[in-house]
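Structure first, commentary second.
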Amino acid sequence: MSELYIRVAEDESEEPMEIPSEDDGTVLLSSVAAQFPGACGLRYRNPESQCMRGVRLVEGVLHAPENDWGSLVYVVNYPKDNKRKMEEIDAASAVKVKRGFQKTSDLIVLGLPWKTSEQDLKDYFSTFGEVIMVQVKRDAKNGNSKGFGFVRFTDYETQTKVIAQRHMIDGRWCDCKLPNSRMCPDEPMRSRKIFVGRCTEDMTPDDLRQYFMQYGEVTDVFIPKPFRAFAFVTFADDQVAQALCGEDLIIKGVSVHISNAEPKHNNIHQLFPNFPGGSASLAAMFDRSRYQFPSSHV
């Protein structure tokens, strides 16, 4: 029988390499071990049962299943006490192994143009890697886009790369990030309201509404009177609000800071039922204690 090559890999998910057979069609275990040190045998996945089967090994010689190696990929067996994978692989491979256990998450895409469709979104992000899911959030009544959506990738490295940069989608710069609203079960419901700090007196409710509509549907804008250098903006979707928290944004040439509008405990008023001045004074105390304003704006 003429010499042929069989495909062998260290793992089913890795790219195989070709190992030469002997004249009689068998493969020497030493030929496999030369490429995969420590190997003690081969196995393969049965096409019919999808179970793993071992390749017959007799005195250091591997025999083809049913006398035909075919086009299957054979996986290397190692002794159970063999620690080669974590002792001998280089640093780059170690990082790859670690990342393989990191799952991807749904990323929120902020600032989408109203005309952007799910197919547009998939076409754009597919240039970075395999896309599992895309979704453009739409109004339940009229079907219009809310100006944001979600995307999820197969590969964690792709997700990291996408988060690290801004994206020009249909002529508009968009941000793609992890919603930072993941909470424990015992934490309160996420707020749809954000605190906009460092506002200037020439900013009107319409200015803020028009600016923040690029991220999603805005249901309310409140600027306290007398002016106190901050405002509150409420979105229809809590994920948009939470995704913006911690950001510094430029509005009318001024850098404003976005924070969570809610106290750590939603029942703060219940904790201080007899606070002098009632809820309004308690809220004012909270605003001043939690947020640092420039002295000229207080």
Side-chain angles (χ1 to χ4, degrees), residues 1-107 122-123 125-135 150-164 176 178 182 184-185:
M1 184 180 294
S2 61
E3 182 182 68
L4 56 84
Y5 288 82
I6 69 169
R7 299 194 298 167
V8 179
E10 197 165 42
D11 187 90
E12 281 188 288
S13 62
E14 295 185 2
E15 183 177 354
M17 69 181 304
E18 294 185 330
I19 302 293
S21 70
E22 300 302 302
D23 292 340
D24 60 358
T26 62
V27 174
L28 299 179
L29 179 60
S30 58
S31 297
V32 177
Q35 304 301 325
F36 302 94
C40 65
L42 293 177
R43 64 185 187 277
Y44 66 99
R45 188 171 298 279
N46 186 300
E48 296 180 0
S49 66
Q50 291 301 305
C51 294
M52 297 302 290
R53 281 189 178 182
V55 174
R56 188 161 62 94
L57 175 65
V58 179
E59 296 182 351
V61 178
L62 292 157
H63 295 264
E66 300 178 359
N67 299 316
D68 183 13
W69 293 103
S71 59
L72 298 173
V73 174
Y74 296 86
V75 181
V76 177
N77 287 337
Y78 293 102
K80 289 186 177 180
D81 61 349
N82 187 292
K83 299 181 180 179
R84 172 184 174 274
K85 283 197 172 184
M86 292 309 297
E87 292 177 345
E88 297 183 1
I89 55 177
D90 56 48
S93 296
V95 171
K96 180 179 178 181
V97 169
K98 181 180 179 181
R99 285 182 174 174
F101 291 97
Q102 292 180 283
K103 295 182 178 180
T104 58
S105 305
D106 290 351
L107 304 181
K122 184 173 183 178
D123 289 344
F125 283 112
S126 291
T127 62
F128 293 89
E130 184 178 354
V131 175
I132 298 176
M133 177 278 301
V134 292
Q135 180 185 26
F150 296 92
V151 62
R152 185 165 188 162
F153 295 94
T154 302
D155 187 67
Y156 185 82
E157 291 184 3
T158 302
Q159 172 179 300
T160 303
K161 180 171 60 177
V162 167
I163 293 176
C176 193
L178 280 167
R182 304 179 186 278
C184 297

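The residues of the chain are indexed from 1 along the displayed sequence.
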(request) Check the surroundings of atom NZ in K161: do more than 12 heavy atoms from other residues, nucleotides or ligands lie under 6.0 Å from it? (result) yes
Pairing residues for [X] by the side chain to side chain donor-acceptor pair (under 3.5 Å) criterion, not counting sequence neighbours:
X: S13; value: D11
X: R7; value: none
X: E12; value: R45
X: T26; value: D24

(message) Test: salt bridge (charged side-chain N to carboxylate O under 4.0 Å, His left out). Region: residues 48-72. Which pairs qualify, not counting sequence neighbours?
(response) none
Checking [X] now: which residues fulfil side-chain contact (heavy atoms from CB on, under 4.5 Å) with it, not counting sequence neighbours?
X: L28; result: E22, S30, S31, V61
X: D155; result: E157, T158
X: A9; result: P16, V73

(message) Test your reading of the model: is there a side-chain donor-acceptor pair from T127 to the backbone of D123, 3.5 Å cut-off?
(response) no
Heavy atoms only: give me the nearest [X]-[Y] pair and the separation to one decimal.
X: A39; Y: L29; answer: O-CD1, 4.0 Å
X: E10; Y: V75; answer: O-CG1, 3.7 Å
X: G38; Y: P79; answer: O-CD, 3.3 Å
X: L178; Y: I163; answer: CG-CD1, 4.0 Å
X: V162; Y: F153; answer: CG2-CZ, 3.6 Å
X: I19; Y: F36; answer: CD1-CE1, 4.5 Å

(request) Calculate, to the nearest 0.5 Å, the distance between atoms CG and SG belonging to N46 and C51 respectively. (result) 7.5 Å
(request) State which residues pass salt bridge (Lys or Arg N to Asp or Glu O under 4.0 Å) with R152; sequence neighbours excluded, sorted by chain then number. (result) D106
(request) With sequence neighbours excluded, give me every ring-ring contact (aromatic ring centres under 6.0 Å, His included) pair touching residues 38-62. (result) Y44-Y74
(message) When you compare the side chain of L42 with that of I6, does any pair of heavy atoms fall below 4.5 Å?
(response) yes
